[in-house]
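The block underneath contains the structure these notes are about, expressed in structure tokens.
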Amino acid sequence: VNPLPDVIERLKALLFRDRQERELEEELRFHIARETEARASSGSVDARREALATFGGVERVKDEVRAARGVLPWEELVADTRYALRSLRRNAGFTLTVVAVLGTGLGAATTVFTAVNRVLLTGLPYRDPDQLVRIYQKNSPTNLWSLCVVDVQAIAEQQRSFVAFGAARYGSASLSGIATPERVAVGRLTSGFFRALGVSASHGRLIEPGDDRPGAPAVVVVSHRLAERVMGGAAAAVGRAVTIDGVSHEVIGVLEPGIGELAGMEAEAWPSLRIETPTRRGPFGLRGIARLKPGVTLAQATRDLASVSERIFPIWAAGFPDATSRLTPVPLRDAVIGGANRQVGMFAGAVGLVLLLAVANVATLMLVRTSAREHELSVRSALGAGRHRLARLIVTEGMVLTGLGGLLGVGIAALSLQVVGLVAPNLPRLAEVALDLGSLTFAALAALVAGVLISLAPVSSVLASASKVGSSSLVASPARSGTGRRANHIRGALVTAEFALALPLVVGAGLLLNSFLRLQRVDPGFDPQGVYSLALSLPSSRYGDDATVQRFWRLAEMRAADISGVTAAGLSGSIPPDNGGDVNNFDLLDKPVPAGTSQPVTPWSAVTEGYFRALGIPVLEGRLFTAADSGSSPPVVVVSRAWAARYYPETSAVGRELRSGGCTTCPPTTVVGVVGNVPYLGLATGAEGVYAPLAQEGGQSLHLVVRSRLGPLATFRALRSAIASLDPELAPIEVDMTDHLHRALGDPRRWTAVVGAFAAAGVSLAALGIFGLLSYVVRQRRRELGVRLALGASPRALTRLVVRRGMRYALLGTLIGLGLSGFESRWLGSVLFGVEATDPITLVIAVAVLLAVAVVACWVPGLRAARLKPLEVMASD
Amino acid sequence: MAPDHNDLLQGTLELLVLKTLSLGAMHGWGIGQRVDQLSNDVFHVHQGSLYPALQRMLRKGWIRAEWRASENNRRARYYVLTPAGARQLATETSLWHRVSGAVNGILQVQLADGDA
């Protein structure tokens, strides 16, 4: 069958409707005229009447022809849409409210969906990303850490599961040999890294096997952005030399534009990592990245690496006696995205609740509107519109509303995605997020579903009353018809649902706020006011031997202390509250761990005595370091009070001995003092820690910390010039400890703000819902209320009556909401600090807040009921 | 006419219209007259029912419509059989012959049985 004529006829029917109607009219008139003539000529006296009778109803035939054109549904849709738009324009207030509510809900949902879609659901931007893994050491389901050189060599030589395997060390380095030296993020890589990811260069070449051998010339691949920024373009960059941490590197290649992040590392320069022969297992700072061979499963690779571990680890057991750990591959996606799941789940849950609330709210508004239009609808029904036609009219109106809301929502989403970075900057790959086809599809589908949902209640109320429509409703006033009562039940259910949805939002916001306040109250162990730090890294090329390094640090500390206005200066490998620096394992001589089990680990900082004074960390017991604690004297450490309390809860920790770093033959280290608690692994993670004297521990990368009366600008200027006088090539990083401490609370603060905003939106919607319902009820029952007033009821009793009615819905909804809140622990449990997801006080406060808002929202219509004038009410009906 | 018979009637009506138009282009009223004559008033329907049927046949591409002067010199909408319509008529006709032949056969057998 040739479909073309059908399509053409239907298009003609749609596009040239008026002409077709004219032609139909003319054609039928001709028919009647011709038939009349024929009958007249055969002697009929009433030819025209007979002709019309034989024909069978001109209008009916016209309708049948119109139906036969096959575009009726379209025409009705167009007509319905036009009608809906007209009627919505007439009720601008209603329309604007609904579109605003829906637009906000859909906009928030689309924003969150786009971010979730990009961050979680979309694959990594590499070829066959599912084949990529990151390799960790693992000795318990939750304890994973990076690789050391031994592991990397063992995997490279013995694995049988991967087509490519590479290692990377992520950090920062000073970049010179360009206009102004600067500090950049670098990822030092072996050749397998680029091959595993399948990244390519736009200019030059990538790091190849041979570049990562010991003694190979130092080479570096740079990002396109860095080449453009400081090297005069990608083409000019290749072949030139730059200095990275004092070592000259040849630039051999430039990555494709847009590659700024690889396997979770954001860096501008990717120097070759030359693997030297190891002397022990550790330190563990290498990220292993590998691509599975086609057909090899993760489980097979896990077994493969486990057998590598079993062969290699015993050989090195002397330095790292952990018999339980295994090399373990983890899908790269999980490794990169990691904790983002939690945040995203929390936001998605919250925004879902807000969207549902918005829909429930609009559904109540639609119901009220339908009831108000009952008269109009019954007139239309009496004029021949079937009840399905009426239902379709309402659905069309709902769809037009959600369509407009969806458009507004997409606009809101486009705007809010610009600022989403401010809200959740710690989500990986969020920079890539923008509105895309997926978000538009989501917005359209969400709007469609919302359109159906908001039309359901009014449609069911119209269908239910359709039997009566045309007779009773026309004469009876809407207030007393059965429809009103039925619609009121639906409205009550919707308002109840709104409160049930709002409570989990309030509880969630309350829990996050509670947790945030607790975190804020955590004692950082020092007063950050006036404390400033300069992060310094000494390139090993120019600071090769220990003596040079120690001399530099001594001078740097002295110069800093000499600045007038600086009251104390010191050096430290780590700064609180979350820049942990080194973490070291140790074994207590009087309580050694059983053979073959892993030793305890703790944050471990190399510091000078001045560091304690600069931060104001008190000495609680024993002593601090002195000049006598030198590289040649017996090793000593100072421990934090939390450390002492954990390992020596009953007795003094001073005088105890331990061995660190897995060394079994070294002379024992003595604990000489206990100092106040300072957290190094985040405010929420406790304050255990060990400090070793810089003279004994050494260190190439340290923080020069000062307490100063000068203010940040003057202090940093003085510090910089002091350092420049020692070595002008260093590129220090400034840290204001007040800001640093403030930033450590950034995530909890943002979560609280976002969920708090959603909760505020939710509570407002619920309040609006119950306010709208009661206002309507009061208007609807003003006659009855007026009669009561006339019969002597006190106005306060009427207020109470209305409020009681509203609070019944609010209470029931809140009760259901309590049940829903139980599910929240799944989302929130892991981001909360110091408060359980079922914290009774938070629950009580949340319920109280919600009910208080409900009382206020009920009170206003209640007062209106009390102020009714009986006479006016009677007169108006 | 009961709605149940609509399909049968519609198919037949279309066949009759095709047959009519195979004799030459004609306007709606004329088609109605000829259908009545051809069918000896057996399929007599309201003349109005013709127009929805014509609209459906336009969409099937069996006929096309054009405005011409009528036999008494008035503007009238004429329907013309298309090649597709002619093919459809041929198909329908041969199908009809086969079916009616078969049905006749069956009925005659029954008749013969009844005689025996």
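First the proteins, then the strands, lettered A, B, ... as listed; each starts at 1.
Between the CH2 atom in B:Trp29 and the CZ atom in B:Arg34 there is a gap of 11.0 Å [rounded to 0.5 Å].
Salt-bridge check for A:Glu75 with A:Arg69: failed, with every basic side-chain N at 4.0 Å or more from each acidic carboxylate O. Electrostatic pairing of A:Arg66 and A:Glu21 counts as a salt bridge here, judged by a charged N lying under 4.0 Å from a carboxylate O. A salt bridge links A:Lys62 and A:Glu59; the closest N-O separation between the charged side-chain nitrogens and carboxylate oxygens is under 4.0 Å.
For A:Arg82, the CZ atom counts as loosely surrounded, since its 6.0 Å shell holds 12 or fewer non-hydrogen atoms of other residues, nucleotides or ligands. By the neighbour-count criterion of 12 heavy atoms within 6.0 Å, atom CH2 of B:Trp67 is densely surrounded, having more than that number from other residues, nucleotides or ligands. Counted within 6.0 Å of CZ on A:Arg49, heavy atoms from surrounding residues, nucleotides or ligands total 12 or fewer; the atom is thus considered open.
For A:Glu37, the part lying near chain B is the side chain, with the backbone staying farther off; criterion is any non-hydrogen pair under 4.5 Å. Interface residue A:Ala53: only backbone heavy atoms are found under 4.5 Å from chain B. For B:Gln33, the part lying under 4.5 angstrom from a heavy atom of chain A is the side chain only. In this structure, chain B has heavy atoms under 4.5 Å from both the backbone and the side chain of A:Phe55. Heavy atoms of A:Leu4 lying under 4.5 Å from chain B are absent altogether.
Listed by sequence position, B:Arg75, B:Ala76, B:Arg77, B:Tyr79 are the residues of residues 75-84 of chain B in contact with chain A, using a 4.5 angstrom heavy-atom cutoff.
For B:Ser70 and A:Arg34, the side-chain atoms include no donor-acceptor pair closer than 3.5 Å.
Of the residues A:Arg369, A:Arg392, A:Arg86, the one that meets the salt bridge (charged side-chain N to carboxylate O under 4.0 Å, His left out) test with A:Glu397 is A:Arg369.
Between chain B and the residues A:Arg29, A:Glu23, A:Arg10, A:Glu64, the most heavy-atom pairs under 4.5 angstrom are made by A:Glu23.
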